[in-house]
Protein chains: 2
Amino acid sequence: MQRPGGRSARVRADVHAAALDLLQKHQWEELSVPMVAEASGVHQATIYRRWGTMSGLLNDVVSEWSATDAALPDIGSLRDDLLAYAAAVAKPLQEQMVPLILRAVVMEIRPGEKRQPSASFLEREQQLQEMLDRAEARGEAVPTLAELLEIVVAPLYFHALFSEPLPVKESARLVDRLLDVVAQRA
Amino acid sequence: MQRPGGRSARVRADVHAAALDLLQKHQWEELSVPMVAEASGVHQATIYRRWGTMSGLLNDVVSEWSATDAALPDIGSLRDDLLAYAAAVAKPLQEQMVPLILRAVVMEIRPGEKRQPSASFLEREQQLQEMLDRAEARGEAVPTLAELLEIVVAPLYFHALFSEPLPVKESARLVDRLLDVVAQRA
DNA sequence: GCGTTAATGCAAGAGTTTTCGCGTTATAGT
DNA sequence: ACTATAACGCGAAAACTCTTGCATTAACGC
């Protein structure tokens with residue numbers, strides 16, 4: 001018999017909040033379970049039993065964050081949909097929190113192991129594909145999903161990881177570049 | 001009076017080799033200074049004194065790896081130069097080692113802190129700019145450095161980080177896309 | 001409510017990591 | 001070759017991380 005509600009839910013929320021808070025002030029490797037325990041008021045033994053390691057805890061935080069991610073737009077024209085989507089990707093990359101979460105994702109890469117995209121990642125790809133399908137049904141010239149990821153999403157992540165996050169309005173430039181590539185092909 | 005030569009150089013090489021070797025078999029968080037000390041035959045106190053932390057040690061490994069990075073090509077046509085460069089970026093991303101090193105770079109991102117690109121990164125950008133300048137002097141239509149990074153480099157890193165590294169020959173596709181963007185602008 | 005027991009708190013202890021003082025080695029300058 | 005001392009090795013101690021057994025709390029089904 002599992003008991004996800006009440007106290008357990010409170011503990012989970014407190015620990016997540018403390019972890020995110022500490023993540024703003026320290027780098028990943030400086031964090032420790034005892035630190036999160038201290039900051040959250042939850043006993044360290046509880047954290048070890050529920051999450052095992054600091055890495056496991058961060059995974060759980062990331063999962064929850066991904067889950068609350070907003071749905072994709074369905075505005076009307078492909079360009080507007082893409083603009084809304086690109087802005088939706090670029091905006092959270094502005095906040096300090098998300099590069100940190102991204103970092104946690106990168107950390108999960110294991111040597112020699114085939115990387116399996118997370119469930120939320122796959123779900124997001126499927127939503128994007130549906131957006132493209134809708135546009136194609138309307139008779140618009142559409143890019144492939146791969147092109148969308150390479151031309152719009154990849155630069156956003158690249159900037160966020162390796163220099164400064166791109167301003168949100170700059171993401172429009174990427175969308176127009178994508179549409180140019182598509183148009184030229186026709 | 002510093003003493004970089006002789007024994008110190010030997011110690012550095014041994015420790016680096018051991019760290020890289022262990023990095024192939026274990027994930028980042030499993031590594032520890034005592035492990036590297038054991039594997040390298042160097043006393044752990046020495047590692048702590050010279051590098052401080054496991055993270056600092058990996059930084060040093062990355063620095064050395066970047067430093068020995070090959071020079072950029074100067075083949076003749078911009079397209080050939082870009083193809084050679086793209087392949088030079090894509091190839092090491094195939095090896096297991098480099099995603100790990102990349103991971104170490106990402107780890108270095110500190111919360112809230114202005115990210116300052118590493119010296120090798122800046123140097124590399126300068127080399128690229130020179131490549132573009134040479135092509136422009138020859139009268140070719142050239143992309144900006146930002147376009148090169150966004151359209152060619154960013155997708156390569158994106159694939160390597162979030163799914164599977166792109167096959168080297170696929171990088172040609174990215175180069176041609178870049179040149180298409182440039183040509184269309186003219 | 002009431003009872004069962006999952007989940008947490010607590011504290012001791014086992015295991016690891018990191019530091020430190022001191023003796024030894026061997027590099028770099030003379 | 002000789003000297004001064006940077007860099008290293010060593011071992012013990014300090015600090016920290018993680019585990020474990022038992023007591024306590026409170027969620028969920030009745």
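Naming: A, B, ... by sequence-line order, numbering from 1 per chain.
For the pair Ser8(B) and dC8(D), the criterion of a side-chain N or O lying under 4.0 Å from OP1 or OP2 is met.
Between the CG atom of Leu57(A) and the P atom of dT17(D) there is a distance of 14 Å, rounded to whole Å. Between Glu29(A) atom CD and dC16(D) atom C1' there is a gap of 16 Å when expressed in whole angstrom units. In this structure, Glu30(B) atom CD and dC18(D) atom P are separated by 13 Å, rounded to whole Å.
Judged purely by atom type and a 3.5 angstrom limit, Glu140(A) uses its side chain to pair as donor or acceptor with the backbone of Leu78(A). The backbone N or O of Thr144(B) sits less than 3.5 Å from a side-chain atom of Glu147(B), completing a donor-acceptor pair. In this structure, the side chain of Arg138(A) engages the main chain of Gly76(A) through a donor-acceptor pair within 3.5 Å. At distances below 3.5 Å, at least one donor-acceptor pair connects side-chain atoms of Ser8(A) with backbone N or O atoms of Arg3(A).
Backbone-only engagement by Arg10(A) is indicated by non-hydrogen atom pairs under 4.0 Å involving sugar-phosphate atoms exclusively.
Within a heavy-atom distance below 4.0 Å of DNA chain D, the residues of residues 38-55 of chain A found are Gln44(A), Ala45(A), Tyr48(A), Arg49(A).
A residue-by-residue look at Gln2(B) and Leu31(B) shows that Leu31(B) has its nearest nucleotide of DNA chain C further toward the 5' end.
A parallel orientation is assigned to the rings of Phe162(B) and Phe121(A), their planes being inclined by less than 30° (bins at 30° and 60°).
The pair Asp60(A)-Arg12(A) meets the salt-bridge criterion, since a charged nitrogen lies less than 4.0 angstrom from a carboxylate oxygen.
Judged by distance alone with a 3.5 Å cut-off, no donor-acceptor contact links the side chain of Arg7(A) to the base of dA27(D).
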